[in-house]
Amino acid sequence: MNALESWVLMVLRYGHLIASKLSGGLQDRFREALRQVQAETVSQVRDRSREEGQPLPAAIASLMVDLSDPTSDAPEPRRPDSISREDAVVVLVSLATTNTIRPFEISVSPGILREAVEDLGIELGLSRRFGQDVVAAVDEARKELLDNGAAWVKWAALGVGAAAIVAATGGLALAAAPGVAGAAVLTSALATFGPGGMVGGLLTAGALVSAGGGGIAIGLTSPSTAAETVEAVVSSQLAAALLRDRQGLDQDPSTWMSLTGTRIELQREHTRLAACSDPSAPGLRELKRKLEAVDRALDCLVKKGLTPIGSPVPAAPEKPGGGFFDAFRAVDIDGDGIPDKPRARAKAEEAGSALKAAFGSFARRDKNKDATEGDEPDIEDE
């Protein structure tokens with residue numbers, strides 16, 4: 001199986017693990033929703049394989065569902081292949097923060113979702129402790145962002161808002177997506193499933209968990225991206241950092257770059273709008289809510305010592321909403337007596353430039369291919 005097919009197998013397996021733990025009418029409704037989602041997903045994967053002239057893996061072909069027969073069941077996927085702990089960070093955080101039966105919405109108790117994540121962790125060749133750490137990291141991230149935390153079942157905004165972020169950035173936010181095996185895989189997947197579908201939304205969520213640079217900052221700042229979506233993205237990025245800390249894994253520097261870059265863009269937009277808008281304007285309230293989410297996440301990373309080596313550690317806040325603003329102040333870094341760029345801004349701009357160059361290269365490759373092969377989309381994995 002390729003990377004996309006592996007993700008499909010994992011998400012469907014996760015859905016079946018959840019269904020097996022339910023009972024009564026709730027289980028019946030969930031299984032029917034999963035049956036319809038599985039039928040559509042497998043059909044889309046099959047069509048994509050035909051277009052590429054590739055055979056459909058047996059593990060996926062065995063999951064086909066005949067929706068014309070109301071008595072037919074959705075075959076249960078086999079256990080997925082083992083993956084490394086590093087790869088599992090993005091996979092399991094994404095699964096734990098998205099709705100795996102979209103467009104259906106069914107409330108499932110947090111306890112069952114926790115058990116399903118733990119079971120999937122074991123099936124992926126990891127320990128039950130890894131699954132427990134995923135649950136703990138997700139819960140801790142949400143509590144850091146919101147005073148009263150948030151129930152698992154309420155947080156589906158990461159997948160739902162993915163389409164808005166893709167649209168706001170023209171795809172730039174996803175140009176570098178290490179969590180889903182690269183931009184080529186993600187681009188071809190979105191061409192098939194769309195960013196708003198179950199699989200497309202999950203893959204986009206995985207990219208947003210691990211994305212960094214200017215593209216993601218622009219997407220989160222956009223008025224078309226709701227504050228709830230920003231909270232979900234920031235929460236997932238923070239959860240991934242906390243999970244890596246719990247598992248003794250190296251931190252992903254793109255997390256800090258993404259958050260600091262987003263903070264800069266949000267503050268700029270807030271300052272621009274506040275100069276003329278009413279203090280009670282809805283747009284300003286949304287920006288303030290977004291800023292608070294990013295502030296809390298950055299404060300948490302600083303507090304736990306999870307910032308990249310060489311990043312400025314802010315002093316204690318002198319006023320509400322502070323805590324890490326020193327990272328954005330112009331200070332004399334090289335000792336020449338002239339204030340330099342804030343370090344966070346400099347690093348964010350470097351990351352944004354690299355992402356822009358990568359996206360430009362990818363776009364040029366598509367243009368060249370279109371010139372020689374017509375209007376066929378470039379879906380070749382890199």
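Side chains included, hydrogens not; waters and symmetry mates left out as well; all remaining heavy atoms used.
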In terms of side-chain heavy atoms, does [X] have a donor or acceptor partner in [Y] at a distance below 3.5 Å?
{"X": "Q251", "Y": "D245", "answer": "no"}
{"X": "Q36", "Y": "E40", "answer": "no"}
{"X": "T271", "Y": "Q267", "answer": "yes"}
{"X": "R114", "Y": "S109", "answer": "no"}

Salt-bridge present ([X], [Y]; N to O < 4.0 Å):
{"X": "K303", "Y": "D299", "answer": "no"}
{"X": "R35", "Y": "E32", "answer": "yes"}
{"X": "E265", "Y": "R268", "answer": "yes"}
{"X": "E144", "Y": "K304", "answer": "no"}

Go through the structure and list residues passing salt bridge (Lys or Arg N to Asp or Glu O under 4.0 Å) with [X], not counting sequence neighbours.
{"X": "R85", "value": "none"}
{"X": "D28", "value": "none"}
{"X": "R46", "value": "none"}
{"X": "R79", "value": "E123"}

Would you please name every residue forming a side chain to side chain contact (heavy atoms under 4.5 Å, CB included) with [X], sequence neighbours left out?
{"X": "Q54", "result": "E52"}
{"X": "P57", "result": "M1, E5, I60"}
{"X": "D47", "result": "S43, R50"}
{"X": "A61", "result": "L56"}

Co-members of the apolar cluster containing L67 [side chain, <4.5 Å]: V65
Those residues that, when tested against S280, pass side chain to side chain donor-acceptor pair (under 3.5 Å) (two or more places apart):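 Result, side chain to side chain donor-acceptor pair (under 3.5 Å) vs S280: none returned.
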Donor-acceptor pairs under 3.5 Å, side chain of residues 115-122 to any protein atom, not counting sequence neighbours: which ones?
unit_1 : atom_1 : unit_2 : atom_2 : d
E118   : OE1    : R128   : NH1    : 2.9
D119   : OD1    : R128   : NH2    : 3.2
D119   : OD2    : K21    : NZ     : 2.7

Residue pairs passing the salt bridge (charged side-chain N to carboxylate O under 4.0 Å, His left out) test where at least one lies in residues 280-294, sequence neighbours excluded: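 Listed by first then second residue: E231-R289.
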